[in-house]
S.K.: 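Right, I'll just put the structure down here and ask away after.
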Amino acid sequence: MKLVSALHNKEIFRIVSRSAKKIQQDCYVVGGYVRDFLLGKNDSKDLDILTIGEGILLAKEVSKYIKPSPRINIFKRFGTAMLEYNNQKIEFVGSRKESYCSHSRHPVIEFGSLQDDQNRRDFTINALAISLNENNYGELIDPFGGLLDLKRKILKTPLNSDITYSDDPLRMMRAIRFATQLQFFIEESSFLSIQKNKNRINIVSIERIIDEFNKILLSKNPSIGLFLLYKSGLLSIILPELTLLQGIEEKNGYKHKDNFYHTLQVVDNISKETNSIWLRWAALLHDIGKSYTKKFLPKIGWSFHSHEFVGSKMVTNIFKRLKLPKGIPLKYVKKMIQHSYRPIALIEKNTRDSAIRRLLFDMGEDIGDLIKLCIADITTNNLEKKKQYKKNFCLLMKRIKQLEEKDRIKNWKSPISGNDIMKAFHIHPCKEIGIIKNFIKESILEGKISNEFHSAYFMMLKKGEDLGLKKNN
Ligand code: CTP
């Protein structure tokens, strides 16, 4: 199969082809670019060029034909080089054979042929190559039937799956990630091999695992990948807190829902509303406290009392173990989980404004995300109920917006500063300042005074007097 006309459109292929001829090294377009190109996806993706010889040498030759001359990043240890052309990263790799020892994650590398390179790739759909050589320019070299697998939507390893996954166990995660992103099936024997080799994932660095995991979480329907991770046994290695949620227990006629499958639904629901990776993480972990707080109360049924609090505490360790960022993302996910049940308590009509102000105060700018999470959490199959619950949250959001417009609580800053208090009573820094400030805050949240300087000043004088302070005249 020839793809010449498509290749003609891109000047870079001509440049690479000419350069490779000059240094007498064959070269091919390989990897994800070819896959996505054949899937008809846009071609802005990074380009991988394989050359039978030295990758660095070819990159240097190519750079001579580009004006202004691009910067070449050289990775000597791997024999690769990268340059940018028209905002596209182009990576040059010399053909190599590599294998991994059972005790190490570092590969042993030798030079090889195009066939060797294709053999060592992860999936048949990623083992396709397009020639840039003069004698067969544009020819698709497809030794494993990758094109057919693309059409049949199948993920298959080029060699025996045990070898492919054992060579780089991250590929087990990649199989599930591609299955999720592309909505492809993993060939049965390949999936069995993942189940068999799942423990090999332990030799892969957690950063690489999480990179794939986040790609699954960022896809259109993350539940596809989360379910496959669960079925393969990988999820109980990476995130056992989630698999513990699986199962339904029944006692005295009382049943609780399967919190694992519920979580998958919540993650899919939130993914329709947001591309924020951290809001998706919050959805993923929102019920993890349930397996630790589950209790059966006679005549009442199953209780998961304070699971939000327990769950939010668990997030710190999970983030640490998975090397997820400690700063704002961690705080955000914890906050989301901790407060995830508060809006439900506020949907009644007679809810006091003060309760809504307090939620606004605690959530700040993230209030909208919290309501999104609450709506995503509605997974009942009863359509009437579903409609009603959603409506309740929309009404609550409306009330939140109105109150925020009036009271400006979201990014609340005390209208009275510590300096104002020190000046008013002619005092030095002391604990009374904190007491007064807190009293003012409480008065505003309770709705006793409005959120502005004059009312707050009056409140300050009153509280100061109660504390035995004398006004400075
Ligand atoms: N590859 C592999 N085994 C891995 C990683 C990558 O065999 N563990 C090969 C595949 O042939 C892949 C190519 O290297 O197509 C490029 O890898 P990468 O850029 O990581 O992935 P892409 O397939 O391009 O897909 P994406 O950009 O979506 O990650």
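Each ligand, and each atom within it, is numbered from 1 in the order the structure gives. When a residue number appears, it is its place in the shown sequence, counting from 1.
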S.K.: Under 3.5 Å, N/O to N/O: give me all the pairs between ligand 1 and the protein, one per line with atom names and distance.
M.R.:
from	atom 1	to	atom 2	distance (Å)
ligand 1	3 (N)	Arg171	NE	2.9
ligand 1	3 (N)	Arg171	NH2	3.3
ligand 1	7 (O)	Asp122	N	2.8
ligand 1	7 (O)	Arg171	NH2	3.0
ligand 1	8 (N)	Asp168	OD2	2.9
ligand 1	11 (O)	Arg121	NH1	2.9
ligand 1	11 (O)	Asn126	O	3.1
ligand 1	14 (O)	Arg121	NH1	3.3
ligand 1	15 (O)	Gly32	N	3.3
ligand 1	20 (O)	Arg174	NH1	3.3
ligand 1	21 (O)	Arg174	NH1	3.4
ligand 1	21 (O)	Arg174	NH2	3.4
ligand 1	23 (O)	Arg35	NH1	2.8
ligand 1	23 (O)	Arg174	NH2	3.4
ligand 1	24 (O)	Lys45	NZ	3.1
ligand 1	25 (O)	Arg35	NH2	3.3
ligand 1	27 (O)	Lys45	NZ	2.5
ligand 1	28 (O)	Arg177	NH1	2.9
ligand 1	29 (O)	Arg177	NH1	3.4
ligand 1	29 (O)	Arg177	NH2	2.9
ligand 1	29 (O)	Lys215	NZ	3.4

S.K.: With a cut-off of under 6.0 Å to the ring centre and 45° to the axis, is Arg14 in cation-pi contact with Tyr137?
M.R.: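 The answer is yes; both the distance and angle limits are met.
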
S.K.: Mind checking what makes ring-ring contact (aromatic ring centres under 6.0 Å, His included) contact with Phe296, not counting sequence neighbours?
M.R.: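 Once residues adjacent in sequence are excluded, the partners of Phe296 under the ring-ring contact (aromatic ring centres under 6.0 Å, His included) criterion are Tyr254, Trp302.
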
S.K.: Is any NZ, NE, NH1 or NH2 atom of the basic residue among Lys89 and Asp48 found under 4.0 Å from an Asp or Glu carboxylate oxygen of the other?
M.R.: no

S.K.: Less than 4.0 Å between a side-chain N and a carboxylate O, is that true for Glu207 and Lys323?
M.R.: yes

S.K.: Would you say Ser131 and Asn136 are linked by a side-chain donor-acceptor pair, where the criterion is simply a distance under 3.5 Å?
M.R.: yes

S.K.: Please confirm whether His262 and His286 have ring centers closer than 6.0 angstrom.
M.R.: yes

